[in-house]
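Down below is the structure, laid out as structure tokens.
When a residue number appears, it is its place in the shown sequence, counting from 1. In this text the structure is predicted, and so the values were computed from the model without any measurement. Note that ligands are numbered from 1 as they come in the structure, with each ligand's atoms numbered from 1 the same way.
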Amino acid sequence: MKAIRVRAFGPPEEMRLEEVPDPKPGPGQVLVRIRAAGVNPVETYIRSGMYPRRPALPYTPGNDAAGIVEAAGEGVRGIAAGDRVYTSETVTGAYAELALCDPTRVHPLPGSVSYAQGAAIGVPYATAWRALFQRARAVPGETALVHGASGGVGSAAVQIARAAGLRVFGTAGTAEGIALALREGAHAVFDHREAGYLEKAVAATEGRGFDVILEMLANVNLPQDLKALSMGGRVVVIGSRGAVEIDPRDTMARDASIVGMSLFNLPDADRAVVHAALVAGLANGTLRPVIGRELPLSAAPESHVAVMSPGARGKIVLLP
Ligand code: NAP
């Protein structure tokens, strides 16, 4: 099969399309023929070698894919050859024509959802769902601010929160991103490049502030987020690319909480809950992953530059 291989940590050009032996499913493994693979920021951090988690070289990047089960190994129950599926993690890497997976990381893909959309679910939708309900404990009727509502995690969070009965506000950095977030269900969206945008967003809550803030760039926004929370408000730190100084008094004044999350810490029991909810949302049409760009597998280097550039407009996927 063809697969992207990384032989040394470094710039995007370290990813090259190579011919490698087809993987074979051992006992308790599932082999998926990949029709689309999702590109996530974390894959760029790992490839660069700067991330604390570093796979053994050479490796094939990627967690999120959608396709058809090619074969199920001995002892696998409930998944069979021919099933349409999406993956939330792989053993051998998703930027490839085939990937071995643990069966708990393989989930049914409803017929109404395309393979490209299926590749947009694993990391972004699971992150959004966990952030909202397992970390922030959001409930219907609450008000949420989704930073980066134009991106993979943010657009997922907007759809999920809106379907759950929250009042949803978003931020994005381009007119196209703002339009996307509104289309996907945000009640109002603000331009995070505009001075004073957060004050405007708080004013739109009648000055009450947000019960929940999902933060994609905490090193830039966290100090101001704390001032934009309601009484008892929670900020979930999903993304951060550096250090920042906060005034702890802002948390005292509102009985506020800052909670972190990493999908790498997701316990199996919580993972099962998250994906049961996502599969239901995909089937009933409330979750509709937005695809921004489809590129061939050989364009993996270009996809890593694109996912780290401003102006998000949905998910970037690679098509083997
Ligand atoms: P993405 O699709 O590239 O989207 C990035 C988003 O961040 C865009 O919507 C972008 O908006 C927005 N953004 C840029 N500058 C911003 C600012 N100053 N304030 C607020 N938002 C800003 O990436 P993603 O897949 O959604 O991931 C978002 C972040 O979460 C990344 O840092 C990623 O590493 C992290 N993440 C963490 C976990 C976890 O387990 N903790 C899981 C998944 C992702 P514009 O482009 O419109 O300006």
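Between Asn40 and ligand 1, a contact under 3.5 Å exists for no N or O pair. Considering both main-chain and side-chain atoms, Thr127 never comes within under 3.5 Å of ligand 1 through any nitrogen or oxygen pair. Any N or O atom pair closer than 3.5 Å counts here, and Val237 shares no such pair with ligand 1. Considering backbone and side-chain N/O atoms, Gly152 comes within less than 3.5 Å of an N/O atom of ligand 1. For the pair Val220 and ligand 1, the shortest N or O to N or O distance does not fall below 3.5 Å. Below 3.5 Å of separation, one finds no N or O of Ser240 facing any N or O of ligand 1. Residue contacts with ligand 1: Lys315 is placed with no nitrogen or oxygen under 3.5 Å of a nitrogen or oxygen of the ligand (distance criterion only). At under 3.5 Å, a nitrogen or oxygen of Val307, whether backbone or side chain, sits near a nitrogen or oxygen of ligand 1. Considering backbone and side-chain N/O of Val123, none are found under 3.5 Å from N/O of ligand 1. By the 3.5 Å distance cut-off applied to N or O atoms, Arg241 is counted among the residues near ligand 1.
Among all protein heavy atoms, the one lying closest to atom 19 (N) of ligand 1 is Asn221 ND2, 2.9 Å. Among all non-hydrogen protein atoms, the one lying nearest atom 29 (C) of ligand 1 is Met216 O, 3.9 Å. For atom 9 (O) of ligand 1, the closest non-hydrogen atom of the protein is Ser150 OG, 2.7 Å. For atom 4 (O) of ligand 1, the closest heavy atom belonging to the protein is Gly151 CA, 3.4 Å. Protein heavy atom nearest atom 7 (O) of ligand 1, with residue, atom name and distance: Gly148 CA, 3.9 Å. Shortest contact from atom 37 (C) of ligand 1 to any protein heavy atom: Ile238 O, 2.9 Å. From the protein, the heavy atom lying nearest to atom 25 (O) of ligand 1 is Pro41 CD, 3.2 Å. Atom 13 (N) of ligand 1 has as its closest protein heavy atom His192 CE1, 3.4 Å.
In this structure, Phe169 and Phe210 have perpendicular ring planes: the angle between them is above 60°, well past the 30° mark.
Ion pairing between Lys200 and Glu194 holds under the 4.0 Å rule for side-chain N and carboxylate O. We find that Arg167 and Glu206 are joined by a salt bridge, their nearest charged nitrogen and carboxylate oxygen being less than 4.0 Å apart. In summary, Glu18 and Arg7 engage in a salt bridge, as defined by a charged side-chain N under 4.0 Å from a carboxylate O. Using a 4.0 Å cut-off between charged side-chain N and carboxylate O, Glu70 and Lys24 make no salt bridge. A salt bridge links Arg234 to Glu142: at least one charged side-chain nitrogen sits closer than 4.0 Å to a carboxylate oxygen. Using a cut-off of 4.0 Å between Lys/Arg side-chain N and Asp/Glu carboxylate O, Arg33 and Asp22 are scored as not salt-bridged.
Which parts of ligand 1 touch Gly311 is read off a 4.0 Å heavy-atom cut-off, strictly below it: atoms 45 (P), 46 (O). The ligand atoms of ligand 1 that sit less than 4.0 angstrom from a heavy atom of Gly173 are 45 (P), 47 (O), 48 (O). Within the listing of ligand 1, atoms 39 (C), 40 (O) sit less than 4.0 angstrom from a heavy atom of Leu263. With ligand atoms numbered from 1 in the order given, ligand 1 contributes 24 (P), 25 (O), 26 (O), 27 (O), 43 (C), 44 (C) to contacts under 4.0 Å with heavy atoms of Val153. Listed by number with element, the atoms of ligand 1 under 4.0 angstrom from any heavy atom of His147 are 20 (C). Close contacts between ligand 1 and Ala172 involve ligand atoms 47 (O) [criterion: under 4.0 Å to a heavy atom].
Aromatic pair His275/Tyr86: ring centres closer than 6.0 Å. Separation of the Tyr125 and Trp129 ring centroids does not fall under the 6.0 Å cut-off.
Taking the ring centre of Tyr115 as origin, the terminal cationic atom of Arg84 falls inside the region bounded by 6.0 Å and 45° from the ring axis. Under a cutoff of 6.0 Å and an axis angle of 45°, Arg54 and Phe9 form a cation-pi pair. For the pair Arg5 and Tyr59, the NZ or CZ position fails the cation-pi test of under 6.0 Å to the six-membered ring centre and within 45 degrees of the ring normal.
Val30 and Leu100 are assigned to two separate hydrophobic clusters, defined by single-linkage of ILVMFWY side chains at heavy-atom distances under 4.5 Å.
Using a 4.0 angstrom heavy-atom cutoff, Tyr45 counts as in contact with ligand 1. Within the structure, the closest approach of Ser262 to ligand 1 falls below 4.0 Å when heavy atoms are considered.
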Review point. Would Ser230 and Arg254 count as a side chain to side chain contact (heavy atoms under 4.5 Å, CB included) if you check the C-alpha gap in whole Å, the side-chain angles of each, and the deciding distance to 0.1 Å?
Key: CA-CA 7 Å; Ser230 66; Arg254 299 166 181 79; over 6 Å; no

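Using a 3.5 Å distance cut-off with no hydrogens or angles, the side chains of Asn40 and Asn63 do not pair a donor with an acceptor.
Remark: Glu19 CD is packed, more than 12 non-hydrogen atoms of other residues, nucleotides or ligands lying under 6.0 Å away.
The proximity of Met308 to ligand 1, defined as any non-hydrogen pair under 4.0 Å, does not occur for either the backbone or the side chain. Contact annotation for Leu217 and ligand 1: only side-chain heavy atoms (C-beta onward) come within less than 4.0 Å of the ligand.
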